[in-house]
Amino acid sequence: MWVVLLEDGIEFYKKKSDNSPKGMIPLKGSTLTSPCQDFGKRMFVLKITTTKQQDHFFQAAFLEERDAWVRDIKKAIKCIEGGQKFARKSTRRSIRLPETIDLGALYLSMKDPEKGIKELNLEKDKKVFNHCLTGSGVIDWLVSNKLVRNRQEGLMISASLLSEGYLQPAGDLSKNAADGIAENPFLDSPDAFYYFPDSGFFCEENSSDDDVILREEFRGVIIKQGCLLKQGHRRKNWKVRKFILREDPAYLHYYDPAGGEDPLGAVHLRGCVVTSVESSHDVKKSDEENLFEIITADEVHYYLQAATSKERTEWIKAIQVASRTGK
């Protein structure tokens, strides 16, 4: 569906080019639930319950997309309750971005290893923010590369990048600005922190050397993520898990797909062996397709199952690359 958020409701269309919506969900008096755990095998789901107790479920493509929708829907509901007019100030129409501005291309330029914005490790309020950017640093880069005429224009483009999910807020200051009804959700400040969604960003408490060592495994850049079936080591049962593959250092973390910031476990991939598996005694015959196995350097075996043969091949290749190049 193509979904449009209005001041007082949500319209959804079969296609973006359709002139009339398939339906409309009123937001007045509605409640928003996210993450929604009504569907165990579906990730990034949000639920809107109307005053007539009708439930509407939406599934985003990735976590950052869902969170962006949740922020804006909450703003719209809050505006309705307060008798205010809701407007996403960071959209193309409202801030009148030039049509020549391609946010996707700009995002790639910002991430260029040589000419892009340098990611930093910054400390604030006894926390260390890794792989992040400052609000003023983003606008400095836009101005210095002559991509904007002045800081005010840089502020508008940065807000648009934030709205479209190319940047994410990190820390209370930037999160409060993004969540609140303000003149601009992006802050031109050295104390406002942001990060690229696929940068490997994480925040750690600056409490002890042990914490820093423990979090070393999260410093790697994310190169692949998605859902797979994983076999448990004790009960040998199979459950859907969300997997995030990082390289340098090479780790495969797996999470509860229903939500939660902390991983359920991690597989250190340095020196591992990964191969496809044609059959397993612990899998029903009808479900034996698309299995693969990871054997770590410590000889721990992990059995995983992809949805398709192509997906299995992609995971095997990505893990093989990470295991050779990562620490």
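- Thr134 places a side-chain N or O within 3.5 Å of a backbone atom of Gly137 that can act as its donor or acceptor partner.
- In this structure, Val45 and Ser34 approach most closely via the heavy-atom pair O-OG, 4.4 Å.
- Environment of NZ in Lys52: sparse, with no more than 12 heavy atoms of neighbouring residues, nucleotides or ligands closer than 6.0 Å.
- Taking CG of Leu304 as the start and CG of Asn290 as the end, the distance is 12.0 Å to the nearest 0.5 Å.
- For the pair Lys224 and Trp315, the cation sits on the ring face: its NZ or CZ lies under 6.0 Å from the ring centre, inside 45° of the axis.
- For the pair Leu264 and Asp256, the tightest heavy-atom approach, listed with the atom from each and the gap, is CD1-N, 3.6 Å.
- Ile77 has its side chain within reach of Ile73: a pair of non-hydrogen atoms, C-beta onward, lies under 4.5 Å apart.
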Self-check item: Residues Asp18, Trp2; criterion side-chain contact (heavy atoms from CB on, under 4.5 Å); working and verdict
Solution: CA-CA 9 Å; Asp18 288 351; Trp2 177 255; over 6 Å; no

Quiz prompt | side chain to side chain donor-acceptor pair (under 3.5 Å) assessment of Asp188 paired with Ser136 | solution = CA-CA 5 Å; Asp188 182 2; Ser136 57; 4.8 Å; no

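- A distance-only check finds a donor-acceptor pair linking the side chain of Ser174 to the backbone of Phe193 [under 3.5 Å].
- Within the 4.5 Å cutoff, the side chain of Phe292 has heavy atoms near those of the Leu228 side chain.
- Ile319 has its side chain within reach of Ile294: a pair of non-hydrogen atoms, C-beta onward, lies under 4.5 Å apart.
- Residues Val3 and Leu27 are members of one and the same hydrophobic cluster, defined by side-chain heavy-atom contacts under 4.5 angstrom among Ile, Leu, Val, Met, Phe, Trp and Tyr.
- The heavy-atom pair separating Trp141 from Met110 by the smallest distance is CZ3-CG, 3.4 Å.
- The two residues Cys227 and Lys242 have their closest heavy-atom pair at SG-CA, 4.2 Å.
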Practice problem: Show your reasoning for whether side-chain contact (heavy atoms from CB on, under 4.5 Å) applies to Ser158 and Leu142. | Solution: CA-CA 9 Å; Ser158 299; Leu142 291 171; 3.6 Å; yes

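- No side-chain heavy atom of Arg324 sits less than 4.5 Å from a side-chain heavy atom of Leu269.
- Both tests hold for Lys230 against Tyr254: distance to the six-membered ring centre under 6.0 Å, angle to the ring axis within 45°.
- Atom CD of Glu299 is separated from atom CD1 of Ile295 by 8.0 Å, given to the nearest 0.5 angstrom.
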Exercise. Would you sort out whether Leu122 and Val128 count as a side-chain contact (heavy atoms from CB on, under 4.5 Å), showing the intermediate values?
Key: CA-CA 6 Å; Leu122 301 172; Val128 179; over 6 Å; no

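- Rounding to the nearest 0.5 Å places CG of Leu229 at 9.0 Å from CG of Leu291.
- Put simply, the side chain of Tyr13 does not reach to within 4.5 Å of the side chain of Met1, judged on heavy atoms.
- Between the Asp298 side chain and the Val300 main chain, no donor and acceptor come within less than 3.5 Å of each other.
- No side-chain heavy atom of Val221 sits under 4.5 Å from any side-chain heavy atom of Arg246.
- Applying the 6.0 Å contact sphere to CG of Asn121 captures more than 12 heavy atoms from other residues, nucleotides or ligands.
- By the rule that hydrophobic residues join a cluster once side-chain heavy atoms approach within less than 4.5 Å of another member, Val321 and Val273 end up as members of separate clusters.
- Atom-to-atom distance recorded for Leu155:CG and Arg151:CZ is 9.0 Å, nearest 0.5 angstrom.
- Here the closest non-hydrogen pair linking Leu103 and Ser160 is CD1-OG, 3.2 Å.
- Between Tyr107 and Leu167 the shortest side-chain heavy-atom distance does not fall below 4.5 Å.
- Under the 4.5 Å side-chain heavy-atom criterion for Ile, Leu, Val, Met, Phe, Trp and Tyr, Val240 and Tyr303 are members of the same hydrophobic cluster.
- Classified by interplanar angle (parallel below 30°, tilted 30° to 60°, perpendicular above 60°), the ring pair Phe186/Tyr194 is parallel.
- Taking CG of Leu120 as the start and SG of Cys132 as the end, the distance is 6.0 Å to the nearest 0.5 Å.
- Asn150 places a side-chain N or O within 3.5 Å of a backbone atom of Gln152 that can act as its donor or acceptor partner.
- Summarising the geometry, atom OH belonging to Tyr255 is positioned 9.0 Å from atom CD belonging to Gln225; distances are rounded to the nearest 0.5 Å.
- Using cut-offs of 30° and 60° for the angle between ring planes, the Tyr251 and His253 rings count as parallel.
- Looking only at side-chain heavy atoms (C-beta outward), Ile48 and Thr31 stay at 4.5 Å or farther from each other.
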Exercise. Go through the steps for Tyr302 and Gln231 under the test side-chain contact (heavy atoms from CB on, under 4.5 Å), then give the verdict.
Key: CA-CA 7 Å; Tyr302 293 86; Gln231 186 187 57; over 6 Å; no

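- The two residues Ala192 and Leu173 have their closest heavy-atom pair at N-CD2, 3.9 Å.
- Under a 3.5 Å cut-off, the side chain of Gln54 and the backbone N or O of Thr50 do not form any donor-acceptor pair.
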